[in-house]
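Letters go in sequence order (proteins before strands), and every chain restarts at 1.
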Number of protein chains: 2
Amino acid sequence: MSYRLPPLAALRAFESEARHLSFKKAAEELNVTPAAVSQQIKALETYLGLSLFRRLTRALEMTAQGRAMLPKIREGFECLAVAIETAAKTCDGVLNINAPPSFASRWLLPRLPGFAVAHPEIEVRLSSSADTVDRRGETSVSEDEFLDPRSAANKVVIRYGKGHYPGYRVEQILAPERIPVCSPLLATPQRPLAKPADLGRHVLIHDETIDAEEHLSGWAQWLSSAGAGGIDAERGPRFSNAVLAVEAALNGQGVALALRPLVAADIAAGRLIVPIDFAVPSPYAYYLVLPEAMARRPSVAAFCSWLIDEIARDDRQTTVGAGVKADGISRRRTGV
Amino acid sequence: MSYRLPPLAALRAFESEARHLSFKKAAEELNVTPAAVSQQIKALETYLGLSLFRRLTRALEMTAQGRAMLPKIREGFECLAVAIETAAKTCDGVLNINAPPSFASRWLLPRLPGFAVAHPEIEVRLSSSADTVDRRGETSVSEDEFLDPRSAANKVVIRYGKGHYPGYRVEQILAPERIPVCSPLLATPQRPLAKPADLGRHVLIHDETIDAEEHLSGWAQWLSSAGAGGIDAERGPRFSNAVLAVEAALNGQGVALALRPLVAADIAAGRLIVPIDFAVPSPYAYYLVLPEAMARRPSVAAFCSWLIDEIARDDRQTTVGAGVKADGISRRRTGV
DNA sequence: AGTGACGATTAAGTTCTTCTAAACCGTCGC
DNA sequence: GCGACGGTTTAGAAGAACTTAATCGTCACT
């Protein structure tokens, strides 16, 4: 049947070009350079043995042949798009979300009711899988059984890593900083906690999720950035999970290094404080990962835009935090 | 509109696979390895976020989603194929053929009436352009103004070269040998012409078309292959065109080195003889070159199959020639 | 059961297509 | 005339696709 198809990429270029009657605009739409479009069109003309555009000085003009084939090409692409839509549509209704436990419980879960109110028609199923950075921080998400195509459903995953998930649509949603947090009761006149050096006399709580993936442990990094060189960064209790580390801090068991967005609510509520306002950026970030074709499903699109809005709202509130960070840097200087 | 299309190559693989329900057979149809198909399908499944085939042990089974999208995909490809057809159809009726002068006049022209009889509805226009080997024997045919897409017409060109014409459909039609030919009156008892060494006392006619493109001139090559080392290969008249060289030979002006198919008729008619039956293969061949989309136009297809049939008929007649060639090799041994 | 055949998959390496960058060309407007 | 603009061309770089070869899992045959 279709064992002899035209060069499809070139047809796509042709269609775009025909709409704009401009190589430059078509190139923009296709996210390539005009040179690339020019070559595609030329290849198509060679394939057909006839010219599709008459190159005038300022504008382009389609030839009769070009005009003749355009409608069927549009129809063809339309069919293909519909086909994709058809397949994806079979699994609408519920929305499966998978996220690392820390993000799920400390960030997403508290906000989900808001989404449910905005979209009562969508049934959300939230799951969380191991709270690890993707292996080496850059591998694909393909061994991720949650995204396994065999389970046909609308699905979205949130991952903490370097954002390299080939074949999927990837959107960075948070580039978190790490800040020290502890119970407001931890610091006492006897054991103050105001400058990095003070940490030497406090318990450091470790989150092994972060530590495992880097040459330098989280506290070692923070301490060296903060200029507190003399402190043993490795002592203290270790937890295999960020949630546990934060909870230990809430309990007054020491000072934990936490991703700011995951503890923002606790800080606002006064359950946690930031004893030393110095932040180090995390080498990883949170990414929203989903199959390309899912991006246009209504429930998925709704969730994605809701999520992005929520993040934006957070950012607006944390704009204060930017000032805090600058402050932190000056403290660092005095602290050294 | 179509700014977000699925991976089209993968869709094509899917369509083929769905028809055969086998990676192996689909791979054969697409002229790739099963591994390639497997990867394409997997990419499509990742894109969609759902699986298209259930991999059973011996057979494949389509999933509901796969079955759902198949008809529209077929329809889409069908549309695209029709679009191509539509454009190509605008220039039906006449058939433009372009060939090197030597091939056009000595091989094609005498046979064209046969084609006209078989296809009276097709109006043929034959032209010939410079009788040169394509630059360096391997460049593209794109600077060939005859194939320029700007002239919208059914067109086919025949070229003598190495068969490298990217973007076009290429079919080798003749891989000619070069043989010495001369007038039957040339050899006399005083100046015999039976073994390679005898050529030392005869005029060598040169065709510069061939010579220009090779490190060794045609006669130099032939003489060294035939084992006649002591003869000056460069003396004698030179012609810029194979037709002129052959005509000089017909006139009894000397011995020319000619492509066998171009002089076969003259030999059969006794106007030329092959004094020494030793042939060397030409490093180039005749190729039929045409735009991919033209291959399915009725008039073009008719001409191509007629041409191929004619060649095949020649070959059958020249099967005698193969024996002659073996004979030539034995003569070579005696000749040295 | 064990073994071999077969088809599908995976990983790694290579090839080849496709894109970009940078120069060029021709036309228009100033 | 000169610069701006859009399209084309070229070589080279980046990336995608394919191939090879090894592996897996199931079936058929002994």
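- An OP1 or OP2 oxygen of C:dT17 is reached within less than 4.0 angstrom by no side-chain nitrogen or oxygen of A:Q40.
- Whole-Å rounding puts the A:N31 CG to C:dC19 P distance at 12 Å.
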Item to check | Contact letters for nucleotides 21-30 of chain C, in which S counts primed atoms plus P, OP1 and OP2 and B counts the base, heavy atoms under 4.0 Å | outcome: B-----SS--

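- Summarising the geometry, the separation between CG on B:L56 and P on D:dC24 is reported as 21 Å, rounded to the nearest angstrom.
- Taking only side-chain nitrogens and oxygens, B:R55 comes nearer than 4.0 Å to OP1 or OP2 of C:dT9.
- Note that CE of B:M69 and CE of B:M62 are 8.0 Å apart. Values are rounded to the nearest 0.5 Å.
- For the ring pair (Phe, Tyr, Trp, His ring centres under 6.0 Å) test, residues two or more places apart in sequence or in another chain that qualify with B:F14 are B:F53.
- For A:S38, no side-chain nitrogen or oxygen approaches OP1 or OP2 of D:dG7 to under 4.0 Å.
- Contacts of A:V170 classified as side-chain contact (heavy atoms from CB on, under 4.5 Å), with partners at least two apart in sequence or in another chain: A:Y165, A:Y287.
- Relative ring orientation between B:Y284 and B:Y160 is described as perpendicular, the plane-to-plane angle rising above 60° on a 0-90° scale split at 30° and 60°.
- Per the geometry, CG belonging to A:L30 stands 9 Å off P belonging to C:dC19, to the nearest Å.
- One can place CD1 of B:I41 at 13 Å from C1' of C:dT9, the figure rounded to the nearest angstrom.
- When rounded to the nearest whole Å, the span between CD of B:E28 and P of D:dC18 equals 16 Å.
- Not counting sequence neighbours, the partners of A:E85 by the salt bridge (Lys or Arg N to Asp or Glu O under 4.0 Å) test are A:R297.
- Nucleotide D:dC18 holds its C1' atom 16 Å from the CZ atom of B:F23, rounded to whole Å.
- Partners of B:E292 by side-chain hydrogen bond (donor to acceptor under 3.5 Å, both in side chains), not counting sequence neighbours, listed by chain and number: B:R169.
- Following rounding to the nearest Å, B:L21 (CG) and C:dA8 (P) show an atom-to-atom distance of 10 Å.
- For B:F303, the ring pair (Phe, Tyr, Trp, His ring centres under 6.0 Å) partners two or more places apart in sequence, or in a different chain, are B:F115, B:W306.
- Residue A:K42 places none of its side-chain N or O atoms closer than 4.0 Å to OP1 or OP2 of D:dG7.
- Contact annotation: A:K25 does not reach the phosphate of D:dG6 (side-chain N/O to OP1 or OP2, under 4.0 Å).
- Counting to the nearest Å, the P atom of C:dG7 and the CD atom of B:E61 are 19 Å from each other.
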